[in-house]
Amino acid sequence: MLRVNDINKDKDRVIEGLIKRNYNNIGIIDQIIELDNKRKSLQTEADQYQSKINQTSRRIGQLFKEGRQEEAKLAKSEVSAYKESLKKHDTLQKDVLSQLEVALLSVPNIPHPSVIAGQSEDDNEVIRDWPHKLPELEEGALPHWELASQYKLIDFKAGVKITGSGFVLYRGKGARLERALINFFLDEATKAGFEEIMPPHLVNAVSAQATGNLPDKEGQMYHCVADDLYLIPTAEIPITNLYRDMIVREDVLPIKLAGYTPCFRREAGSYGADVKGLNRVHQFNKVEIVQIAHPDRSYQILDQMVEYVAGLLDKLELPYRILRLCGGDLGFTSALTFDFEIFSAAQRKWLEVSSVSNFETYQSNRLKLRFKERDGRNQLVHTLNGSALALARIMAGLLENNQTSQGIKIPEVLQPYTGFDIIK
RNA sequence: GGAGGAGUGGCAGAGCGGUUGAAUGCACCGGUCUUGAAAACCGGCAUACUUUACGGUAUCGGGGGUUCGAAUCCCUCCUCCUCCGCCA
């Protein structure tokens, strides 16, 4: 959520940013400013009434002590008149406040200056392409869903039977490889100085709203209605909310957290080749890295996170490219996002495996996550996060790219985790 | 699930229906002293909204109520603790 003060101060920049996103309801900015002005004047008037009530009440106490009953009685009626007016104000104010909140929640983050306008994912900029020749597979190479079935690594039918389409069941060496990847990613994160977190997999509405997933992603999350809890679509929600409503000391920044969780996404509206095999599933495993950073250093940290993710893909020997998302494709809460795509050689397709973003103060404003500066003032932190990495598609890439006539080769870094170097 | 108890500032811990945003201690910051440190002493130290400023308002788990006035009384929800039951 943007701060009203920032909108007020930088109205032109905000509007410019919204245009970059193809955001069509620009008028809302003026509405917000107007609502906030209304809020202020109502607040001031209400405060004045309250102040009079407080003053008079204190006087009544004094009068009673002095035994001046008559005067006290008079003062009492005075107070009830003020209370009448105050009540009227309160209803007005509540109404304005909720309108303001709804309006603010509907405004996305302002893109970083480096973000180009663009309409859709087709306009994303490739900022680092794969420098080598893309892998060419031999005649008869199979897509991962056929490999997974042939080597009995994943039972797609079982997932459908047990739950429904989009849910998969890993078994045998497939399950082992999946677990190896999780452990590898967690160990790498630990080595890089991230504290490992194992959070709850369901969150309440307050948490989902604090990270901006509600109301934006309402229909994309699984909702347990009986308890009003949401299955997490990413570990970002519980991990970031760990620091909700906190004021931290400046010297603890940056806070580096990493966690593995399954991620649940309804993916309503997806269809066709996109959802084949592991390309898009309703439940997948992911290790997420989160940083809570000083505003002055957040973009430097974003770059570090990008390099960290690139390093993981290097170690897994997967061909990849990095994209800077254009305004039209940028997530609601993000100011700048880099996507990582691996090349899945049998499908001849680029698959998104990571998204690394800086949210600046968009989340921290909602989270009320601040740090205390040396001079004692409180300032909002910047929050960042990235997938490191999303497993299902990594699995797809590994299976396809490493298939040989002898079997599927396991990258060297994973072998200590799998206990085998080839799947036959 | 049943019975009882409790939720106050970063922490600990007072708190009477009426100048209580809240005693006190610890922690923290600044200063005096000291060659330096410790100790001692002095001062500062919640958050938010609002105001050019003085100031005003709100917040003692959340919400509602009683009252001229509520941290203090009542209702309700949440959380934690103790005991019993059940159970990975």
Side-chain angles (χ1 to χ4, degrees), chain A residues 1-9 32-105 198-210 214 224-230 238 241-253 255 292 361 363-381:
Chain A
M1 190 169 66
L2 296 176
R3 280 176 294 191
V4 187
N5 282 346
D6 292 347
I7 294 177
N8 249 320
K9 227 187 302 162
I32 287 173
I33 293 173
E34 199 183 311
L35 279 168
D36 190 53
N37 286 335
K38 217 188 259 179
R39 193 207 101 236
K40 277 185 199 172
S41 56
L42 283 173
Q43 176 76 55
T44 308
E45 288 171 40
D47 281 359
Q48 281 164 3
Y49 283 125
Q50 187 61 254
S51 174
K52 285 198 174 134
I53 292 171
N54 290 347
Q55 265 179 41
T56 313
S57 294
R58 251 173 263 152
R59 209 178 75 219
I60 291 171
Q62 199 57 40
L63 290 174
F64 270 126
K65 257 183 212 162
E66 294 167 11
R68 295 152 76 178
Q69 306 288 338
E70 281 307 306
E71 286 169 79
K73 223 175 202 177
L74 216 69
K76 272 194 197 182
S77 61
E78 209 177 304
V79 170
S80 48
Y82 287 134
K83 277 180 84 171
E84 215 36 52
S85 315
L86 183 62
K87 224 173 208 171
K88 277 185 204 146
H89 252 79
D90 267 358
T91 5
L92 270 173
Q93 214 181 335
K94 263 185 195 153
D95 186 48
V96 169
L97 225 56
S98 74
Q99 280 182 48
L100 182 60
E101 166 141 316
V102 169
L104 279 171
L105 285 173
M198 199 177 279
H201 297 168
L202 283 85
V203 293
N204 56 35
V206 173
S207 293
Q209 191 163 268
L214 280 179
C224 304
V225 180
D227 300 288
D228 195 22
L229 296 173
Y230 294 85
N241 270 280
L242 180 57
Y243 282 88
R244 170 154 48 86
D245 284 324
M246 283 204 192
I247 300 172
V248 299
R249 289 203 323 270
E250 184 170 356
D251 58 27
V252 306
L253 300 177
I255 297 168
I292 295 164
T361 59
Q363 289 184 328
S364 59
N365 186 34
R366 232 334 108 145
L367 286 160
K368 295 198 196 76
L369 169 49
R370 291 158 293 178
F371 69 95
K372 197 172 272 295
E373 288 183 291
R374 303 216 187 280
D375 63 12
R377 281 185 315 172
N378 296 326
Q379 204 186 328
L380 292 172
V381 300

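In what follows, chains carry the letters A, B, and so on, assigned in the order in which the sequence lines appear, proteins first and then strands, with residues in each chain numbered from 1. No hydrogens, no waters, no symmetry mates; every other heavy atom, side chains included, goes into these values.
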- Query: Below 4.0 angstrom from OP1 or OP2 of B/U47, is there any side-chain N or O of A/Lys372?
  - Reply: yes

Residues passing the side chain to side chain contact (heavy atoms under 4.5 Å, CB included) test with A/Lys87, sequence neighbours excluded, are none

Scan side-chain atoms only and decide if A/Asn204 and A/Ser207 contain a donor-acceptor pair under the 3.5 Å cut-off. yes

Within residues 78-92 of chain A, the residues having a heavy atom closer than 4.0 Å to RNA chain B are A/Val79, A/Lys83

By salt bridge (charged side-chain N to carboxylate O under 4.0 Å, His left out), A/Arg377 pairs with (sequence neighbours left out) A/Glu373, A/Asp375

Sorted by chain and residue number, the salt bridge (charged side-chain N to carboxylate O under 4.0 Å, His left out) partners of A/Glu71 (sequence neighbours excluded) come out as A/Arg68

Sorted by chain and number, sequence neighbours left out, ring pair (Phe, Tyr, Trp, His ring centres under 6.0 Å) with A/Tyr243 holds for none

Are any protein N/O atoms closer than 3.5 Å to N/O atoms in nucleotides 53-64 of chain B? If there are, list each pair with its distance.
unit_1	atom_1	unit_2	atom_2	d
B/G56	O3'	A/Ser51	OG	3.2
B/G56	N2	A/Asp47	OD2	2.9
B/U57	OP1	A/Asn54	ND2	3.4
B/U57	O2'	A/Asp47	OD1	3.1
B/A58	OP1	A/Asn54	ND2	3.4

The complete set of ring-ring contact (aromatic ring centres under 6.0 Å, His included) pairs with one or both residues in residues 50-70 of chain A, sequence neighbours excluded, reads none

Between A/Arg370 and A/Ala75, the residue closer to the 5' end of RNA chain B by nearest nucleotide is A/Arg370

Show me the side-chain donor-acceptor pairs of residues 51-63 of chain A shorter than 3.5 Å, one per line, residues at least two apart or across chains.
unit_1	atom_1	unit_2	atom_2	d
A/Thr56	OG1	A/Lys52	O	2.6
A/Ser57	OG	A/Ile53	O	2.9
A/Gln62	NE2	A/Glu66	OE2	3.4

With sequence neighbours left out, the residues meeting salt bridge (charged side-chain N to carboxylate O under 4.0 Å, His left out) with A/Glu250 are none

